[in-house]
Protein chains: 2
Amino acid sequence: MNDELFNLIERLANLLRQETRLEGQSLGLQPIQQEALYYLSTCNRYSDTTLAVTEFLGLTKGTVSQSLKILESKALISKVKDKKDKRITHLNVTEAGREFLKKTCPPQKFTDAITSLSIDEEFETKTLLKKVLSNYQQATGRTAFGVCQHCKFNRKTSDGILCDLTKEALSSDDIMLICREYVV
Amino acid sequence: MNDELFNLIERLANLLRQETRLEGQSLGLQPIQQEALYYLSTCNRYSDTTLAVTEFLGLTKGTVSQSLKILESKALISKVKDKKDKRITHLNVTEAGREFLKKTCPPQKFTDAITSLSIDEEFETKTLLKKVLSNYQQATGRTAFGVCQHCKFNRKTSDGILCDLTKEALSSDDIMLICREYVV
DNA sequence: TCAAATATGTTTTGACTCGATACTATTAGA
DNA sequence: TCTAATAGTATCGAGTCAAAACATATTTGA
């Protein structure tokens, strides 16, 4: 009863948030800004836009636009207009941004705490939480945000890997990233 | 890599937060206020104070004081001065408060999502997350907030159950609640 | 073809969160 | 006794957030 799964997740999230807040102080970064930055470092070229971050964080685009503006002002990300569609702006994490993430994300003490789990236990936890997350996303009608590699549209051909949705070629690095168009 | 445990937890927490925000709209309640209310409905008489909520949520007491003021103004909690120590104010969840929690906490769609797990899987996930949470709390030097029943100070005597810390008698309901003084 | 609808993103506004700081009241302890 | 510690409140400024209005760019479809 007192150990409801949702309670555990909220408590872990609260602690993570707290540690994140501390680690962001050196650069004056808020937790939500760090979450956006982290997301941008893990997503592919179809998913590095304001709207994708909006969907990922579950906020409104106006709110996210503000946070991204701050990240840009601190030179942690840079904005690049899309060549084909001029409405779209791609958000690239700068070297400084990656540097910051490497030091702080995931938070050190959390990483330490995980070492109490065995390899198998950690894998098991991830697997089960992924299942819950996937179901929850579906129930709330939210975008799945899965890894390119495991997407329905990802196709291996004799010429290499292809995205069936965009018809573009994908590198071996590409397919490790998170995509907002992900479909099971 | 893309499925880091901390990433999964943050994403689940973001979705929970979003659903919580929606469910709080009817009463004009913010997510953090609902978290405080929920905590107060699960804690024992040693842990129903402003400072305990502060520790639990990992915020500062000024911030929490404001949130509690709003909960009181909406008649979801009531404040009762401690008889012995006049500095202390106990926070009781009112009937209206419990009514609200029963409807919204945990969020319906999250509960639905969990049903994708078997009983064993859910238990396993809880067990492992509890382990991580416990370690994380210890690493960050935070209060443990465990269930009274499993605390070191909980002692069963011929006269009933006793708290060795406060030397007070505990009922069978008491020992199911969360205590800030919890020690493994 | 070209106007209407749609999509991406920014700005503004007002309510709220949050940490920091200063403050009051009460209790503990040397 | 009288100083330090503890519980809690009040205020401030920076930032989050949703909502709405807005500016561009693209797509749709008559």
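In this text the structure is predicted, and so the values were computed from the model without any measurement. So you know, we letter chains A, B, ... as the sequences are listed, proteins then strands, and number each from 1.
- The ring-ring contact (aromatic ring centres under 6.0 Å, His included) test applied to B/Tyr39 returns B/Phe56, B/Phe145, not counting sequence neighbours.
- Base engagement by A/Ser65 is indicated by at least one non-hydrogen atom pair under 4.0 Å involving a base atom.
- A salt bridge is defined here as a Lys NZ or Arg NE, NH1 or NH2 lying under 4.0 Å from an Asp or Glu carboxylate O, and B/Glu121 with A/Lys131 meets this definition.
- On a pure distance criterion of 3.5 Å, a polar donor-acceptor pair joins the side chain of B/Arg87 and the base of D/dT6.
- In this entry the distance linking CD1 of A/Ile88 with C1' of D/dT24 reads 13 Å, nearest Å.
- Between B/Gly62 and B/Gln18, it is B/Gly62 whose nearest contact on DNA chain D lies nearer the 5' terminus.
- Rounded to whole Å, atom C1' of D/dA18 lies 14 Å from atom CD1 of A/Ile32.
- The residue A/Gly28 sits apart from the nucleic acid: no heavy atom pair falls under 4.0 Å.
- Note: CZ (A/Arg17) to C1' (D/dC17) measures 11 Å, nearest angstrom.
- The pair B/Arg87-B/Asp85 meets the salt-bridge criterion, with a side-chain N (NZ, NE, NH1 or NH2) lying under 4.0 Å from an Asp/Glu carboxylate O.
- Computed from coordinates, the A/Lys74 NZ to D/dG15 P distance equals 7 Å when rounded to whole Å.
- Each of A/Lys83 and A/Gln30 lies near DNA chain D, and the nucleotide nearest A/Gln30 is the one positioned closer to the 5' end.
- Rounded to an integer number of Å, the gap from A/Leu57 CG to D/dA18 P is 10 Å.
- The distance from atom CD of B/Gln33 to atom P of D/dC17 is 15 Å, rounded to the nearest whole Å.
- The base of D/dA7 is not paired with the side chain of B/Thr49 by any donor and acceptor separated by under 3.5 Å.
- Taking atom NZ on B/Lys79 and atom C1' on D/dT9, their separation rounds to 8 Å, with Å as the unit.
- Within 4.0 Å of B/Thr60, counting heavy atoms only, lies at least one base atom of the nucleic acid.
- Proximity of a side-chain donor or acceptor of B/Lys74 to a complementary backbone N or O of B/Leu27 within less than 3.5 Å is detected.
- Here A/Arg17 pairs with nothing under the side chain to side chain donor-acceptor pair (under 3.5 Å) rule; sequence neighbours left out.
- Dashed line: the shortest gap from a side-chain N or O of A/Lys61 to OP1 or OP2 of D/dA19 is not under 4.0 Å.
- The environment of A/Lys81 atom NZ is dense: over 12 non-hydrogen atoms of other residues, nucleotides or ligands sit within 6.0 angstrom.
- Within the nucleic acid shown, A/Thr50 comes within 4.0 Å of sugar-phosphate atoms alone, with no base atom in reach, counting heavy atoms only.
- Chain A approaches DNA chain C over the interval C/dA7 to C/dA20, counting the first and last nucleotide 5' to 3' with an atom under 4.0 Å from its heavy atoms.
- No engagement by A/Lys81 is indicated, since no non-hydrogen atom pair under 4.0 Å with the nucleic acid exists.
- For the residue pair A/Ser47 and A/Asn44, a side-chain donor N or O sits within less than 3.5 Å of a side-chain acceptor on the partner.
- With A/Leu40 as the fixed residue, the side-chain contact (heavy atoms from CB on, under 4.5 Å) test singles out one of A/Thr49, A/Ile77, A/Leu101: A/Ile77.
- Protein atom NZ of A/Lys86 is 15 Å distant from nucleotide atom C1' of D/dT27, rounded to whole Å.
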